[in-house]
Amino acid sequence: MANPTGWKPGMEKGSAPAEGPSAPGAGGATRGLALEEPLVFEQGSRGRTGVSLPAPGSDADPSRELPKGLLRGEVEGLPELSELEIVRHFTRLSQWNWGIDSGFYPLGSCTMKYNPKSSEALARLPGFAGAHPLLPASMSQGVLELMWRLERALSEIAGFAATTLSPAAGAHGELTGLMLIRAWQVSRGNPRKKVLIPDTAHGTNPASSTLNGYQTVQLESGPDGRLHPETVAKAMDEDVAAIMITNPNTLGIFESRIAEIAAIVHQKGGLVYGDGANLNALLGVGRPGDMGFDVVQYNLHKTFATPHGGGGPGSGPVAVKAILEPFLPLPLVAKEGERYRLVADPRERPRTIGKVREFWGNVGMFVRAWAFIRELGPEGLKRVAELAVLNANYVRAGLRGAYHLPYDTDSLHEVVFDDALQKEQDVATMDVAKRLMDHGFHPPTVYFPLVVHGALMIEPTETESKETLDAFVAGMRAIAEEAKRDPAAVKAAPTRPLRARLDEVRAARKPVLRWTPGMKVE
Amino acid sequence: MANPTGWKPGMEKGSAPAEGPSAPGAGGATRGLALEEPLVFEQGSRGRTGVSLPAPGSDADPSRELPKGLLRGEVEGLPELSELEIVRHFTRLSQWNWGIDSGFYPLGSCTMKYNPKSSEALARLPGFAGAHPLLPASMSQGVLELMWRLERALSEIAGFAATTLSPAAGAHGELTGLMLIRAWQVSRGNPRKKVLIPDTAHGTNPASSTLNGYQTVQLESGPDGRLHPETVAKAMDEDVAAIMITNPNTLGIFESRIAEIAAIVHQKGGLVYGDGANLNALLGVGRPGDMGFDVVQYNLHKTFATPHGGGGPGSGPVAVKAILEPFLPLPLVAKEGERYRLVADPRERPRTIGKVREFWGNVGMFVRAWAFIRELGPEGLKRVAELAVLNANYVRAGLRGAYHLPYDTDSLHEVVFDDALQKEQDVATMDVAKRLMDHGFHPPTVYFPLVVHGALMIEPTETESKETLDAFVAGMRAIAEEAKRDPAAVKAAPTRPLRARLDEVRAARKPVLRWTPGMKVE
Amino acid sequence: MRYHPHTPEDVRAMLDAVGLKSLDELFRSIPEPLRLRRPLDVPPAADEIALLSEFRALAARNQVEHPPFMGAGCYPHHVPPVVDQLLLRGEFFTAYTPYQPEISQGTLQGLFEWQTFVCLLTGLDVANASMYDGATATAEAALMAARVTDRKKIVVGAAVHPEYRKVLATYLASTGDEIATVPYGQDGRTDLAALEKAVDGKTAAVIVGYPNFFGVVDALPEAAALARKAGALTVSVTSEAVALGLLQAPGALGADVAVGTMQSFGNPMSFGGPVPGFFATREGNVRQMPGRIAGATVDKHGRRGFVLTLSTREQHIRREKATSNICTNSGLTALAATIHLSLLGKKGLDQLARLNFARGRLLREAMRKAGFGLRFSGPTFNEMAFEVGEAEAVVERLARRGLAAGAPLSRWYPDDPRMKGALLCAATEVHAPELIELFAQSVRG
Amino acid sequence: MRYHPHTPEDVRAMLDAVGLKSLDELFRSIPEPLRLRRPLDVPPAADEIALLSEFRALAARNQVEHPPFMGAGCYPHHVPPVVDQLLLRGEFFTAYTPYQPEISQGTLQGLFEWQTFVCLLTGLDVANASMYDGATATAEAALMAARVTDRKKIVVGAAVHPEYRKVLATYLASTGDEIATVPYGQDGRTDLAALEKAVDGKTAAVIVGYPNFFGVVDALPEAAALARKAGALTVSVTSEAVALGLLQAPGALGADVAVGTMQSFGNPMSFGGPVPGFFATREGNVRQMPGRIAGATVDKHGRRGFVLTLSTREQHIRREKATSNICTNSGLTALAATIHLSLLGKKGLDQLARLNFARGRLLREAMRKAGFGLRFSGPTFNEMAFEVGEAEAVVERLARRGLAAGAPLSRWYPDDPRMKGALLCAATEVHAPELIELFAQSVRG
Ligand SMILES: Cc1ncc(COP(=O)(O)O)c(C=O)c1O
Ligand SMILES: Cc1ncc(COP(=O)(O)O)c(C=O)c1O
């Protein structure tokens, strides 16, 4: 990126030298004014409020109707501030945060792509935002049609018979998918006991399997980072209900032998669960449904660009083959002629597993995801996969040599490096991650997948420009250089954010999990 | 303000010492991550775009209809960026800015009060934002009613017969008011030549008078900061068309002899113009119309809380006594039965001065101003003046002794100090202003009014809390102390914002007023 | 494509750097038979103007002119515009889970404040950074109770939100825990005699609604006493959190766990989701709690800051031994609730709760005048079931007039004849007195 | 009151500090006869819910379902939602004039970019940070021309926006400058013969619309040639700035000053205001230019930054000798235009301009099919006057159907019989082909 603002990219040693400010990082990071801000509970003054409410319009007195013991007075501890004070509070808090809108956010496995602003406007249309979930069908045809269309599109995109929109996130989708598998196994006489999960899998996979009453059997991936049919064959038996496979896996590597693996599992009466968190790599290029998967979850907040919201909400629809369709949780949306309605009554779907979420799912995310699909269309969706994979491979090529590449297998939408080369200077992945902040980048995912010691998991996504990737590569390489030249500087990072490295051990040892009057943390 | 975030208020010497970060300022200012950002024209890549537009739906070819010489190709120099790049660009730019939502903004004479967020939502209702100015009356009754109600309310608030909503800002209102005065004088046979303006007046007053073809006669204010009837009497003659008075004046002092002054001017056939920029001090407490003024402008963006927008838009309605009503510019809003319509045809108002703005004024500001009046009501509006004046006097009391108070007269909504005490250490008002940034406050208005050498003009407004004022006073006092102890530190300010002191002389000597390819500023 | 910055030159240069000829080659690791060689069968791309009009047309086919007269787990409340304008700040809504605390202090402090609000409202010691919704929070509460007590029996009141109970049942179907459902009485509260019978030495948790699905303030203290006697945990479930501004905190009444949703604060109904599920419990259970937790600590210069903590409970560390599988939660909706609660503050919440209670009285009175009595005699907050004869018919009739009348309870209690004519209705601060009058008249028809 | 943080205790403590007993005492400097001793006669305070419904009701009484088929100085264009979401960032819209550059770099760089966009579109050297609107910008252009040429005669085409000409006349009424208005021909362009006669050695400026009020691309090059010969400045006036994406830059055609509004970029119509008035001219006139100007410089460490500069032209320095009285301008609307232009960029603007031209052709064609010809023969962009018989009647008839038909030109040209049946209509990217068809049919009725 041309750099006309009068600074040469570089990196400060410690803090600003007297003769002037230090050179910004490769991502343009420098230092500027920031404002400390106490907790909302540590501010304000008795009697203030930030709202304007109508008069009751009645002299109803709760104490006349409610047993004294069930009544409380004002809630002690609640803050008392004016609207302006609240606005400043959250404006300042936001300024301490890093989002996709701030800059590059290559958090591996999380697909931090641009969140279209038009989708925010659409989700806020009163017709969507103001709709009560129990509106009669006659009063909610618009949102029902949207859900129906989204369901159809998702089933087509991953190549399945039907999709439930209920799950609230990816892990929730995994849980739902495994429930479906259990129901199917039960319908064949026996729920079975085990679920096979490769060592590259995301932590939610084994956790979901446990939550489903299954025992997790971990499978070792091969030296090429792939799961091998032989490994599966060895582990597969009549006690195995299913295998959970992420494809491409968390190394960004496509499980090219998925078909054989699926055959082995099917052959022994197991089903194949697909963790669809990495679907971004496959849009329009390949479909899990054509690869032997029986069920897969989508992460709408990843592949379909709904905002991550600082941790959520997400949405994790689950698509299934015909054999699992009868078991889908309720509701489903039915189209009858030109009318749409919710199928929510188990009497209509006797084999349903039931319900996994109150009401109908994270509808606000459906609006955004459908908008994303509508704006991109068939070509655009395929382009997403192509550019996401191109970007990841471009970064991979750029970092070769500077960082150690544990698996030299072809990778798709993300790439995993490690800190083997930096370890010699006793610089670890965490140090590199923190130093990236000083350059002006959000760090990649670190120490995951577990099969890679000191993993640096980089997923650029399709919405990042070549210039941004070049700057990121320059920053990463600068850190690799610095690690040799001045490892202490790397280990002292970050020096530019409002806070330096935070003491996570202390946080766990002496947990302070909420404000209490007069609270001190020193 | 309690200070539980682990720092003691204080002030850094130069930049952060090795052993740790320096203590934040009295307003909580410290340093954090900031991102450099080139001009939008210095980024991007050929062929990118940030929009999604429909197909023409016709094969129209301009070159078939338009003379070749009138056609241009793509506009050279325009940027080419994706939507995400644009979002990051303006997000970063915004982070370099200080607004009322960031913190205290006591910019004297500008009434930087909280801008209600509900007003932003209301102004964006499609019925308002999407209305074309030439909609037939039958299709625009809502906005016409709003304008009518606002006009009535404004006339009542300042105590006049009628108000024109047309002027786009305060200065535009001054110009309009003087045009009305000229028209009235002309109607009496002679436009007259001069306008009397006290030396405390805002620069727009003389500028407006010149733009009106009047010659400005400056009047000296007295040692108490007030304009004295004797001074006016001496200057007043049959050549004087009007006097322009700001009340309270720019020292925050009420022109208590306004009635006598008005009598003197009226007696000699002149009119009295009131600069209403400081109306915040008088809401519900006193009305210019009851004080002898014949015409006054409002600054809706000050008194009525419409956002200042980084320099505008504003709105400067002008209220007049009955004698001036026939001359009001068009349009006016008429209510006939329950119907509203615009009176825009001069044939209906033969004595109108004409038009001062295209269409009907800054309607978007009307919506916000009316919302402000509706939410506050009679008591709320009076409360505005009371608390604004209380806040200013509280700061005044707090800074006494630390800064020199050039006029010890009672003041209302703002107070003016100067740098007389700091001058001994060769620390000037500008240094104090810049050092305030390091504390976490926007500086007051500086070097205005001109009657005060090195003026520091502080207007807190009613929406600031006692805690904020206490912190500001602490910061100002800390700077006064520092000016004695370590003047160099004050003169080196600001050290915390993204940019240190900018070279304004260079900017004027070698003007660079637009981007040009390859532009370098060093 | 406005979201794809790649120019043809960029693509070419990048392919060169990667050493490939074509974009297609990037996918060579995918066996050809597994490739999709046709365009996806989804509608062609829409430009932004078409997109907006298409969605406006869809939205217009949802009738939302009048606020619905129902809650039943999702409540029509006024959300001050300031809340959404703060939420729209990109630094908040385009961030993810704050794995890197130094540049995520905004999210983290916000979550810490959310946790504090949840604790203050529920009267419990600790809360997590949010759950998917009230139903899954309830299921997770049952599972946590089973872990804590090492028991397998979950006793749940039939007046707990039926959707929550369905989800609970679905979750427990795979874990082998058993569920015993306890009936409600004429007053709409949990039948304490039946509850006493149901609770025994195998009971891990007793789950009660507070207020319950019928809008009735259930017998939480009594239920808690029974549970405690049996060594079981008491789980209080709240979907109308505004009630907690008026009602005694569950924790103060003996609840060991409080779950539900705070949708009523800062969040639009959005056809039921997303909503900020909450989960609070006593200090002693913290290491058994599901979900993320933000905690305070210091940075290396001793300045206070916040981090995600106690993550040894979580899937990304413990994998199959984690307390839950939850990863992505409902962060932004929790932030919305936090902003709204901050605006309300002590005075505002008290005022809002009393206002909702008052509106509930207006509704009851208006319905009484219109000839409709209450289905249940128990105390209520802003929601209650009325006897309206043919509930479904009433709903249909009012729908034709663009009014959402309420929820016929027979949908969830088909086998209870008492529910035949019961219509569950709610009134909040958004229902002006005149509108409430109009509604009652319309129900009569 | 949510905007007033003062508690009773605060007020008391602050009064003590000030040494006063009561709030009323704060105003003791106001003579009692001048005090208002009754409450203001404005409606009682409304709570936020009432406020919103009151304003929604007002807004609902403006009919805006369909985009209006008119421009006439204010154009219905699509504003991408991203523009407004960026504008809503408080650091932008709650800031004021960047008097303190170190903490106003966002506003300043934004203005510098705005100035650059204006220069690129107009083909001129320098531009200011915005004017109130196109009309006042035109008046200021005339005044600047008078200063620069030291002449007093302003020659203006009758096809220049009539509202702009009215404002020009109102401004000049007080300055003694004279105005000579030049007629337009059958083609709707300025009558060059008449112009030649009108322009003489006393002429300070020649003002032409580009496109002009009739949507006709006026004879700017020819007019500029005549002006140059007479030593006068040429002022080009544009209210549909999208046209500058297709038409040659005014500066390239001889204009010395270009003014108008960029409302078409990033700004809603908002019943006519606020809008970003623009003002651009040649380098040589910069010190005579009105308004704020942002300029680049360096900070004391040599880093590039921006400041307001050349302020010795301005009222706050020069007072009665200033080039103008303007202080507050249209900053935020200029930023909106800057964001939208940044999004459009080179490709997007070209595409948008061609699209508008194409929609203009569709409108012309549809109207022709419906039996309505053009009033003027000159070349047009996206706006044109049609012969519809009883223009006012047509407008009334379509209004009843919720369609804004266009502007009857006879309103501004009552004395020109040719205008009797002339209806000025515009079509932009927001008018889908089907809608244009429907419109033409409706005009026929
Ligand atoms: C590979 C993988 N699987 C599953 C998940 C869980 O998805 P969610 O966080 O939406 O529950 C994630 C998200 O981090 C993931 O990266
Ligand atoms: C006292 C005074 N008069 C007039 C004005 C001019 O108002 P505006 O900036 O809205 O044109 C101002 C604004 O700064 C002012 O402070």
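We name chains A, B, ... by the order of the sequence lines, and we start the count at 1 in each one.
Using a 4.5 Å cut-off between heavy atoms, C:Ala407 touches chain A through its side chain atoms alone. Of the atoms belonging to A:Leu134, heavy atoms from both backbone and side chain fall under 4.5 Å from chain C. Of the two parts of C:Ile293, only the side chain, counted from C-beta on, holds a non-hydrogen atom closer than 4.5 Å to a non-hydrogen atom of chain A. Heavy atoms closer than 4.5 Å to chain C are found in the side chain of A:Met112, but not in its backbone. Both the backbone and the side chain of C:Met70 come within contact range of chain A, with heavy atoms under 4.5 Å apart. Using a 4.5 Å cut-off between heavy atoms, A:Leu125 touches chain C through its side chain atoms alone. Heavy atoms closer than 4.5 Å to chain C are found in the side chain of A:Pro494, but not in its backbone. There is no contact between C:Arg292 and chain A, counting heavy-atom distances below 4.5 Å.
Contact count versus chain A (heavy atoms, under 4.5 Å) is highest, among C:Thr312, C:Leu253, C:Leu244, for C:Leu244. Contact count versus chain A (heavy atoms, under 4.5 Å) is highest, among C:Lys166, C:Gln315, C:Arg28, C:Arg359, for C:Gln315. In terms of heavy-atom pairs under 4.5 Å with chain A, the best-connected choice from C:Pro98, C:Pro80, C:Gly73 is C:Gly73. Your options are A:Ala397, A:Gly286, A:Gly354, A:Ala171, and the one with the most heavy-atom pairs under 4.5 Å with chain C is A:Ala171. In terms of heavy-atom pairs under 4.5 Å with chain C, the best-connected choice from A:Arg374, A:Gln141, A:Arg287 is A:Arg374. Taking C:Thr94, C:Leu332, C:Leu36 one by one and counting their heavy-atom pairs under 4.5 Å with chain A, the maximum is reached by C:Thr94. Considering only heavy-atom pairs separated by less than 4.5 Å from chain C, the leading option among A:Val51, A:Thr49, A:Thr210 is A:Val51. Per-residue counts of heavy-atom pairs under 4.5 Å with chain A were compared for C:Glu396, C:Glu314, C:Glu54; the largest is that of C:Glu54. Note: A:Val356 leads A:Val356, A:Ile258, A:Leu178, A:Leu146 in heavy-atom pairs under 4.5 Å with chain C. Looking only at heavy-atom pairs under 4.5 Å with chain C, the residue among A:Gly377, A:Gly99, A:Gly50, A:Gly142 that has the most is A:Gly142. In terms of non-hydrogen atom pairs under 4.5 Å with chain C, the most contact-rich of A:Gly47, A:Gly170, A:Gly213 is A:Gly47. Contact count against chain A (heavy-atom pairs under 4.5 Å) is highest for C:Cys119 among C:Ala17, C:Pro39, C:Pro221, C:Cys119.
A distance of 9.5 Å separates CG in C:Leu52 from CD in A:Glu375, rounded to the nearest 0.5 Å. With rounding to the nearest 0.5 angstrom, the CG atom of A:Leu71 is 8.0 Å from the CZ atom of C:Phe357. In this structure, CG on A:Leu66 lies 6.0 Å from CG on C:Leu247, to the nearest 0.5 angstrom. The CG atom of A:Leu387 lies 8.0 Å from the CE atom of C:Met14; values are rounded to the nearest 0.5 Å. With rounding to the nearest 0.5 angstrom, the CG atom of A:Leu390 is 8.5 Å from the CG atom of C:Leu20. If you take OG on C:Ser104 and NE2 on A:His442, they are separated by 5.0 Å, rounding to the nearest 0.5 Å.
Inter-residue side-chain proximity for A:His172 and C:Thr136 is flagged as met; some heavy-atom pair is nearer than 4.5 Å. Looking at C:Ser29 and A:Ile253, their side chains never come closer than 4.5 Å, going by heavy atoms from C-beta outward. Between C:Val298 and A:Arg506, the closest side-chain pair of non-hydrogen atoms falls below 4.5 Å. Using a 4.5 Å heavy-atom threshold, the side chains of A:Ile100 and C:Glu91 count as separate. C:Leu310 is listed as a side-chain neighbour of A:Pro511, based on a closest heavy-atom distance under 4.5 Å. Contact of the A:Phe448 side chain with the C:His316 side chain is not registered, since no non-hydrogen atoms from C-beta on lie closer than 4.5 Å. The shortest side-chain heavy-atom distance between A:Glu386 and C:Phe27 falls under the 4.5 Å cut-off. The closest side-chain heavy-atom distance from C:Tyr99 to A:Pro443 is not below 4.5 Å.
Neither side chain, A:Glu464 nor C:His4, offers a donor N or O lying under 3.5 Å from an acceptor on the other. When only modelled atom types and interatomic distance are considered, C:Thr107 and A:Asn97 share a side-chain donor-acceptor pair under 3.5 Å. Defined by atom type and a distance below 3.5 Å, a donor-acceptor pair is present between the side-chain atoms of C:Asn325 and A:Ser208. Residues A:Arg514 and C:Thr116 bring no donor and acceptor atom of their side chains to less than 3.5 Å of each other.
Looking at A:Glu358, its side chain does come within 3.5 Å of a backbone N or O of C:Gly134 through a donor-acceptor pair. In this structure a side-chain-to-backbone donor-acceptor pair under 3.5 Å is missing from C:Asp299 to A:Leu502. Checked by atom type and distance alone, the side chain of C:Gln105 never pairs as donor or acceptor with a backbone atom of A:Trp96 at under 3.5 Å.
The local environment of NZ in C:Lys321 is sparse, with at most 12 non-hydrogen atoms from other residues, nucleotides or ligands closer than 6.0 Å.
With sequence neighbours excluded, no residue forms a ring-ring contact (aromatic ring centres under 6.0 Å, His included) with A:Phe128. A:Pro136 is linked by a side-chain contact (heavy atoms from CB on, under 4.5 Å) to A:Ser138, A:Met139, C:Val395, C:Ala399, counting only residues two or more places apart in sequence or in another chain.
In this structure, C:Tyr96 and A:His308 have perpendicular ring planes: the angle between them is above 60°, well past the 30° mark. The aromatic rings of A:Phe359 and C:His161 stand perpendicular to each other, their planes meeting at an angle above 60°, with 30° marking the opposite boundary.
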Subject >> side chain to side chain contact (heavy atoms under 4.5 Å, CB included) between A:His202 and C:Arg319, worked out >> reply: CA-CA 8 Å; A:His202 190 263; C:Arg319 300 179 72 84; 5.9 Å; no

**OP:** Dump the intermediate steps for side chain to side chain contact (heavy atoms under 4.5 Å, CB included) on A:Glu74 and C:Lys347, then the final yes or no.
**Re:** CA-CA 7 Å; A:Glu74 290 179 348; C:Lys347 283 247 158 318; 2.8 Å; yes

Subject >> Test log, rule side chain to side chain contact (heavy atoms under 4.5 Å, CB included), inputs C:Val307 and A:Asp503 >> reply: CA-CA 8 Å; C:Val307 296; A:Asp503 185 344; over 6 Å; no

Original post:
Checking salt bridge (Lys or Arg N to Asp or Glu O under 4.0 Å) for the pair A:Glu76/C:Lys346: CA distance, chi angles, key distance, verdict?
Top reply: CA-CA 7 Å; A:Glu76 270 325 306; C:Lys346 193 185 277 182; 3.1 Å; yes

Subject >> Stepwise salt bridge (Lys or Arg N to Asp or Glu O under 4.0 Å) test for A:Lys434 and C:Glu102 >> reply: CA-CA 8 Å; A:Lys434 300 302 183 189; C:Glu102 297 82 3; 2.7 Å; yes

**OP:** Start with the C-alpha gap between C:Tyr3 and A:Glu462, add the side-chain angles, then the distance that decides, and say whether side chain to side chain contact (heavy atoms under 4.5 Å, CB included) holds.
**Re:** CA-CA 8 Å; C:Tyr3 307 142; A:Glu462 74 277 6; over 6 Å; no

